[in-house]
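Let me begin by presenting the structure, written as structure tokens, before commenting on it.
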Amino acid sequence: METPVSLIKGIVEEFLKEKGVEQTIPVPVQMTRDEFEGEVTIASFPLAKVFRNSPQAVAESIKEFIEVKHGNKVKKIEVKGGFVNISFDDSYWIEFIRRLSREDVFPIFPEKTETIVIEFSSPNTNKPQHLGHVRNNVLGWATAMLLQRTGTKNVIKVNLINDRGIHISKSMLAWLKWGNGITPEKAGKKGDHLIGDFYVMFEKEYKKQVDELIRQGVPKEEAMERAPLMQEARELLRKWEAGDPEVLRIWRMLNDWVLEGFDITYKRLGITFDHIDYESETYKLGKEIVQEGLDQGIFYKKEDGSVWVDLTDVGLDHKLLLRSDGTSVYITQDLGTIELRWNRYKMDLMIYVVAEEQEYHFKVLQAILKKLGRPYADKIYHLSYAMVDLPTGKMKSREGTVIDADDLLDELHQLAYEKIKGSPKTASLSEEEKHDLAEKIALGAIKFYMLRVDPKKRILFRKEEALDFEGYTGPFVQYTHARISSLWEKAGETVIDFQGGYEFNASERQLLKIIAFYGEILQEARRKYDPSALTNFLYRLAKEFNRYYANTPIVKEEDEDARKARLMLSKAVQQVLKDGSDVLGIPLPEKM
RNA sequence: GGGCUCGUAGCUCAACUGGAUAGAGCACGGGACUUCGGAUCCCGGGGUUGUGGGUUCGAAUCCCACCGAGCCCGCCA
């Protein structure tokens with residue numbers, strides 16, 4: 001579907017061609033600023049250089065060109081400085097929203113044949129998910145949807161479960177030592193929460209042992225290694241990697257509990273994966289690849305048996321790939337995992353949604369893959385995002401100062417429910433429907449809160465702000481959507497096919513202007529891997545609609561043409577809100 | 001010591017990646033036809049965009065230096 005923006009872009013190209021300009025110049029086509037009349041603006045500055053003329057003169061000449069060639073589509077063109085401000089003709093806008101209010105999808109992007117694999121979530125199975133995971137989950141999901149929405153059909157969402165390693169041994173050891181065979185059923189809590197308790201327990205006892213050793217005069221580093229609990233955990237890891245049947249049996253059982261817990265959380269968040277990889281299954285291939293590199297002399301072995309790679313030639317350091325006792329480290333499995341994925345998908349791009357603290361890790365990974373001559377070495381992209389902090393400082397699972405994902409959702413749900421309970425707007429809903437609605441609002445609130453900030457910036461999580469349903473929030477967008485639904489219900493219409501004449505006023509043009517740029521925003525968000533661009537846009541649109549609503553009669557309007565045009569416009573706004581919210585994973589209720 | 005990221009209103013964030021007079025929310029103060037949904041709308045105060053240079057028609061945005069914050073450079077993941 002042609003949009004006003006794509007139309008203008010086309011016209012600029014046409015203009016350049018006619019003027020005999022061969023090179024393609026990126027000409028900024030932007031939303032007209034609120035203080036000027038018009039919807040779409042061309043900034044002629046970059047062209048001024050090419051034509052060796054003043055921006056004004058070029059702007060005038062563009063104006064003239066449009067008036068002559070496309071005069072029927074524009075109502076008014078104003079040149080201000082080097083800017084060309086274009087107001088589209090009313091009939092053009094009518095046709096635009098007529099189609100938009102009837103079609104489900106706008107705009108349509110050309111289909112891309114590439115395959116993109118996106119890994120996100122990637123939890124450790126020794127503790128429940130917290131706020132940091134929520135950011136990851138929500139960001140990963142929205143990015144995947146964004147890629148899909150903008151034309152990439154083959155987006156494969158994968159999760160990598162970190163189900164092995166020393167941290168897993170720690171919680172397992174604690175359960176073995178102090179658990180007395182307790183299960184999630186007996187404890188009456190989700191498996192991930194139960195295992196998380198044991199992880200914290202381990203860290204507590206371990207810290208005691210380390211402190212005791214330090215008191216005895218042992219240096220800190222040595223104390224951390226010599227503490228009996230650490231020794232035991234390492235022994236457990238060795239047994240696990242050696243395939244000890246009893247250790248594997250317990251490990252499998254505990255992991256299943258945790259994964260069952262995760263499933264509940266994912267389901268709640270509305271997140272699914274196309275494939276799940278388990279580190280416990282990929283690390284072996286990683287070890288083989290390390291051996292391969294060793295055989296080829298790309299890696300080297302120290303006297304103690306540990307295996308390393310020298311990356312100093314590319315500005316990095318020496319990196320350990322296998323411990324002296326032969327067990328693998330974090331990066332070992334990553335080598336195996338991507339090899340498996342390459343064999344499976346031959347992807348064009350592999351996106352890792354992983355926190356910023358691992359930026360170095362991914363540089364190292366890429367450098368190693370290059371040394372190994374892997375064809376996919378240049379296809380990896382680390383979508384790095386910053387941490388979620390609390391006003392009191394960093395969240396630390398080991399110290400138990402985290403905001404638990406499940407608990408937070410419960411709290412949001414409860415708060416939303418309280419609000420719904422007494423509201424006349426939702427009085428007709430059954431108890432179950434009220435809880436469904438409360439859940440949607442809870443999800444809308446937290447997802448919007450996580451997505452409204454640039455991924456590269458840290459989020460300062462202030463609970464009272466996240467629990468707020470007013471202002472720049474998810475529920476605000478949901479509310480706007482519900483309001484429009486209510487309008488149409490009141491109007492008693494399902495489809496309006498109005499093609500007559502109507503003159504849009506300034507605030508209506510304001511709305512049209514924003515809607516017209518929806519496609520640009522989607523593309524921008526995709527280019528930057530940044531859903532916050534879309535989140536901001538949806539808020540702005542909702543805000544503008546509420547403003548419009550407050551001082552313009554729609555259903556109440558007595559002039560039949562105006563009423564129809566306004567209802568269509570409302571519908572168009574709703575369509576965009578809906579489409580964008582779908583991308584973000586934010587559910588929109590019909591009433592709230 | 002080295003590398004990466006970030007400093008914008010009291011607080012939390014925007015600013016279409018170099019474009020017009022830097023905008024929202026929260027908080028604070030005042031208000032909204034007896035209401036098409038008040039989870040809304042309007043008005044108000046609030047800024048030397050960390051500091052100092054540079055690049056050009058034009059800088060919050062690009063370059064350099066400093067100041068400050070975060071993350072990383074583990075036989076943790």
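Quick caveat: nothing in here was measured; it's all calculated off a predicted structure.
No engagement by A/S570 is indicated, since no non-hydrogen atom pair under 4.0 Å with the nucleic acid exists. If you check every strand for non-hydrogen atoms under 4.0 Å, A/F83 touches a base. Residue contacts shown for A/D454 are limited to sugar-phosphate atoms, with no base heavy atom under 4.0 Å away. Within the 4.0 angstrom heavy-atom criterion, only backbone atoms of the sugar-phosphate kind lie near A/K543; the bases stay farther away. A/R566 comes within 4.0 angstrom of nothing in the nucleic acid, heavy atoms only. The residue A/K556 sits close to a base: some heavy atom pair falls under 4.0 Å. Looking at heavy-atom distances under 4.0 Å, A/N85 makes contact with a base. Looking at heavy-atom distances under 4.0 Å, A/K127 makes no contact with the nucleic acid at all. Using a 4.0 Å heavy-atom criterion, one finds that A/A482 contacts the bases of the nucleic acid, with or without backbone contacts as well. Within the 4.0 angstrom heavy-atom criterion, base atoms lie near A/Q358. A/L487 comes within 4.0 angstrom of a nucleotide base, judged by non-hydrogen atoms across all strands. Among the heavy atoms of the strands, none lies under 4.0 Å from A/M387. Among the atoms of the strands shown, base atoms are found under 4.0 Å from some heavy atom of A/T41. Nucleic acid contact for A/F36: base, since at least one base atom lies under 4.0 Å from a heavy atom of the residue.
The side chain of A/Y549 contributes no N or O atom lying less than 4.0 Å from OP1 or OP2 of B/rU40. Look at A/S324 and you won't find any side-chain N or O under 4.0 angstrom from OP1 or OP2 of B/rC75. Distances shown here put a side-chain N or O of A/R483 below 4.0 Å from the OP1 or OP2 atom of B/rG38. Between A/R323 and B/rA77, a side-chain N or O to OP1/OP2 separation shorter than 4.0 Å is present.
The side chain of A/R547 sits closest to B/rC41 out of B/rG19, B/rC41, B/rC11. Considering only the side chain of A/L460, B/rC13 comes nearest among B/rC26, B/rC41, B/rC13. Listed nucleotides B/rU40, B/rA20, B/rA39 differ in distance to A/I420; the shortest reach to its side chain belongs to B/rA39. Taking the side chain of A/K363 as heavy atoms from C-beta on, and the options B/rC4, B/rU12, B/rC16, the nearest nucleotide is B/rC4. Between B/rA77, B/rU40, B/rC42, one nucleotide has an atom nearer to the side chain of A/E470 than all others, and that is B/rU40. Distances were taken from every side-chain heavy atom of A/I441 (C-beta onward) to each of B/rC41, B/rA39, B/rC13; the shortest belongs to B/rA39. Proximity note for A/Y360 (side chain, C-beta onward) versus B/rA39, B/rC16, B/rC72: the nearest is B/rC72. Distances were taken from every side-chain heavy atom of A/F45 (C-beta onward) to each of B/rC41, B/rA20, B/rG19; the shortest belongs to B/rG19. Each of B/rA39, B/rC16, B/rU40 was ranked by its minimum atom distance to the side chain of A/R33; first place goes to B/rC16. When distances run from any side-chain atom of A/N546 to the nucleotides B/rA39, B/rC41, B/rC16, the shortest one goes to B/rC41.
For the pair A/K394 NZ and B/rG70 P, the interatomic distance rounds to 10 Å; values are reported in whole Å. Rounded to whole Å, atom C1' of B/rG1 lies 13 Å from atom CG of A/D317. Taking atom CD1 on A/I459 and atom C1' on B/rA69, their separation rounds to 17 Å, with Å as the unit. Straight-line distance from the NZ atom of A/K170 to the C1' atom of B/rC76: 7 Å, rounded to whole Å. When the P atom of B/rC4 is taken as reference, atom CD of A/E359 falls 10 Å away, rounded to whole Å. Atom pair A/I496:CD1 and B/rC36:C1' shows a separation of 13 Å (rounding to whole Å applied). When the P atom of B/rG74 is taken as reference, atom CD1 of A/I166 falls 18 Å away, rounded to whole Å. The distance from atom CZ of A/R458 to atom P of B/rG7 is 11 Å, rounded to the nearest whole Å.
In B/rU17 the O4'-C1'-N dihedral to the base is within 90° of 0, which defines a syn nucleotide.
Checked against the 6.0 Å centroid threshold, A/Y283 and A/W240 count as a close aromatic pair. Taking the six-membered ring where the residue is Trp, the centroids of A/Y381 and A/F362 are separated by 6.0 Å or more. In summary, the aromatic rings of A/F461 and A/Y449 are positioned with their centroids under 6.0 Å apart.
The backbone N or O of A/Y385 lies less than 3.5 Å from no partner atom in the side chain of A/R135, so there is not a single donor-acceptor pair.
For B/rU17, its base sits under 3.5 Å from the side chain of A/R527 at one donor and acceptor pair at least. Checked by distance alone, A/K457 brings no side-chain donor or acceptor within 3.5 Å of a matching partner on the base of B/rU5. Within 3.5 Å, no donor on the side chain of A/S532 pairs with an acceptor on the base of B/rA14, nor the reverse.
Checking B/rG1 for Watson-Crick or G-U wobble geometry (two distances, each under 3.5 Å) identifies B/rC73 as its partner. Pair assignment for B/rA65: B/rU51, on the basis of Watson-Crick or G-U wobble contacts that are both within less than 3.5 Å. Across all strands shown, nothing is found opposite B/rA15 as a Watson-Crick or G-U wobble partner with both distances under 3.5 Å.
Using the six-membered ring where Trp is involved, A/F448 and A/Y539 have ring planes that are perpendicular, over 60° apart on the 30 and 60° scheme. Using a 30° and 60° split on the angle between ring planes, A/H413 and A/Y417 fall in the parallel class, below 30°.
Defined by atom type and a distance below 3.5 Å, a donor-acceptor pair is present between the side-chain atoms of A/T480 and A/N546.
Annotation: of the two residues near RNA chain B, A/L322 and A/S44, the 5′-most nearest-nucleotide partner is A/S44.
By the 5.5 angstrom centroid cut-off and the 30-degree plane limit, A/Y472 is classified as not stacked against the base of B/rA24. Remark: ring of A/Y479 does not overlap the six-membered base ring of B/rG37 in a stacked fashion, as centroids less than 5.5 Å apart with planes less than 30° apart are not both met.
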Checking A/E241 against A/R164 for the salt bridge (charged side-chain N to carboxylate O under 4.0 Å, His left out) test, could you report, in this order, the C-alpha distance in whole Å, the side-chain angles of both residues, the deciding distance, and whether it holds?
CA-CA 9 Å; A/E241 209 150 319; A/R164 46 144 275 122; 2.9 Å; yes
